[in-house]
Undergrad: 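Here it is: the structure, laid out below.
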Amino acid sequence: MSDVRSASEAHRGQSVTVAGPIRPRSRVIIGWLFTVVILVAITVTVPVQDIWDALSRANLSLLLLATVPMMVNLWLRGARWAILFRPHHAVRAGEALGPALVGLGLNAVLPGRVGEIAKVALGARTFSTSVAFTASTVVGERLLDTLTLLAFLGGALLLLPPADTQTVVAVFGYTVSSETLTHVGGKLGIAS
């Protein structure tokens with residue numbers, strides 16, 4: 001321990017370079033390189049000319065109008081994630097938005113929900129929380145998404161008209177009738 005103190009005392013006032021975290025400039029360069037690699041991968045595998053043709057025929061005013069609810073949706077996702085950190089950590093919606101957007105972006109271009117892992121890593125570093133706590137908030141988000149989808153599905157099932165008992169449909173080689181659906185719905189606890 002005295003060697004560490006004497007070494008730090010000897011270097012006071014001098015610039016000391018220590019191998020450690022990546023400097024901010026290096027992070028920016030690595031980020032830009034990663035972005036270029038992803039863009040090249042996308043342009044090689046996606047018919048860019050077809051996309052450009054479709055965008056040139058699109059109504060620009062409607063596209064701009066559609067960005068408003070999209071931006072509100074993204075901000076609400078950040079706010080929801082920030083709420084899941086309370087009462088243990090005071091995270092604001094604006095702070096949570098950055099890692100949430102990185103996670104969504106990576107999920108959009110990479111397979112296997114890699115964005116969730118990146119979101120946990122960025123969130124833990126940004127909010128100074130443990131990886132386990134941050135991962136539990138992401139799992140909580142997925143549970144909330146699942147419950148919301150189930151609620152919408154239940155509402156849609158309640159709004160459907162009664163099934164015609166004489167209708168029979170072939171699905172993947174199996175015959176499915178309304179009696180079969182009523183039986184399965186009864187077993188799942190869905191009111192008919």
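On a predicted model such as this, the values are computed, not experimentally measured, just so you know. One-based numbering along the sequence shown.
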Undergrad: Which heavy-atom pair separates Pro99 from Leu122 by the least distance, and what is that distance?
TA: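 In terms of heavy atoms, the two residues are closest at CB-CB, 3.9 Å.
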Undergrad: Return the CG to CG distance between Leu158 and Leu153, rounded to the nearest 0.5 Å.
TA: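 Taking CG in Leu158 and CG in Leu153, the distance rounds to 9.5 Å.
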Undergrad: Taking atom CE of Met70 as the centre, report whether more than 12 heavy atoms of other residues, nucleotides or ligands fall under 6.0 Å from it.
TA: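 Yes, enclosed.
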Undergrad: What distance do Leu55 atom CG and Leu60 atom CG have between them, rounded to the nearest 0.5 Å?
TA: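 Spacing of CG (Leu55) from CG (Leu60) equals 10.0 Å.
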Undergrad: Which value, rounded to the nearest 0.5 Å, describes the distance between Leu143 atom CG and Thr148 atom OG1?
TA: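 One finds 10.5 Å between CG of Leu143 and OG1 of Thr148.
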Undergrad: So which atom in Gly115 and which in Leu106 form the shortest heavy-atom distance, rounded to 0.1 Å?
TA: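 Between these two residues, the closest heavy atoms are CA-CB, 3.7 Å.
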Undergrad: Please report the interatomic distance CG(Leu97) to CG(Leu76), rounded to the nearest 0.5 Å.
TA: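 If we round to the nearest 0.5 Å, Leu97:CG and Leu76:CG are 10.5 Å apart.
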Undergrad: Group every Ile, Leu, Val, Met, Phe, Trp and Tyr by side-chain heavy-atom contacts under 4.5 Å, then state whether Val68 and Leu63 land in the same group.
TA: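 Each belongs to a different hydrophobic cluster.
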Undergrad: Minimum heavy-atom separation for Ser56 and Asp53, please, with both atom names.
TA: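 Residues Ser56 and Asp53, closest heavy atoms: OG-O, 2.7 Å.
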Undergrad: Can Asp145 and Arg80 be counted as an ion pair, charged N to O under 4.0 angstrom?
TA: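 Answer for the salt bridge query: yes.
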Undergrad: Rounded to the nearest 0.5 Å, what separates atom CG in Asn107 from atom CD1 in Ile117?
TA: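 Output value for this atom pair is 9.5 Å.
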Undergrad: Looking at Arg142, I'd like to know if its CZ atom is crowded, meaning that more than 12 non-hydrogen atoms belonging to other residues, nucleotides or ligands lie closer than 6.0 Å.
TA: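 Yes, CZ of Arg142 has more than 12 neighbouring heavy atoms, counting only those of other groups under 6.0 Å.
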Undergrad: Do any pairs count as a ring-ring contact (aromatic ring centres under 6.0 Å, His included) and have a residue in residues 80-102, sequence neighbours left out, and if so which ones?
TA: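 Residue pairs passing ring-ring contact (aromatic ring centres under 6.0 Å, His included), neighbours aside: Trp81-Phe85, Trp81-Phe127, Phe85-Phe127, Phe85-Phe133, His88-Phe133, His89-Phe133.
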Undergrad: Of the non-hydrogen atoms in Gly103 and Lys119, which two are nearest, and what is the gap between them?
TA: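 Reported closest heavy-atom pair: CA-CB, 4.3 Å.
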Undergrad: Can you tell if the side chain of Leu74 reaches within under 4.5 Å of the side chain of Leu104, non-hydrogen atoms only?
TA: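 Sidechains of Leu104 and Leu74: in contact.
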Undergrad: Which pair of heavy atoms, one from Ala96 and one from Val91, lies closest together, and at what distance?
TA: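 Closest heavy-atom pair between Ala96 and Val91: CB-CG1, 4.1 Å.
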Undergrad: With rounding to the nearest 0.5 angstrom, report the CZ to CG distance, Phe34 to Leu39.
TA: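 Answer for the CZ-CG pair, Phe34 versus Leu39, is 10.0 Å.
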Undergrad: Would you say the side-chain atoms of Thr126 pair up with the backbone N or O of Gly123, donor to acceptor, closer than 3.5 Å?
TA: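 Here the side-chain-to-backbone pair does not exist.
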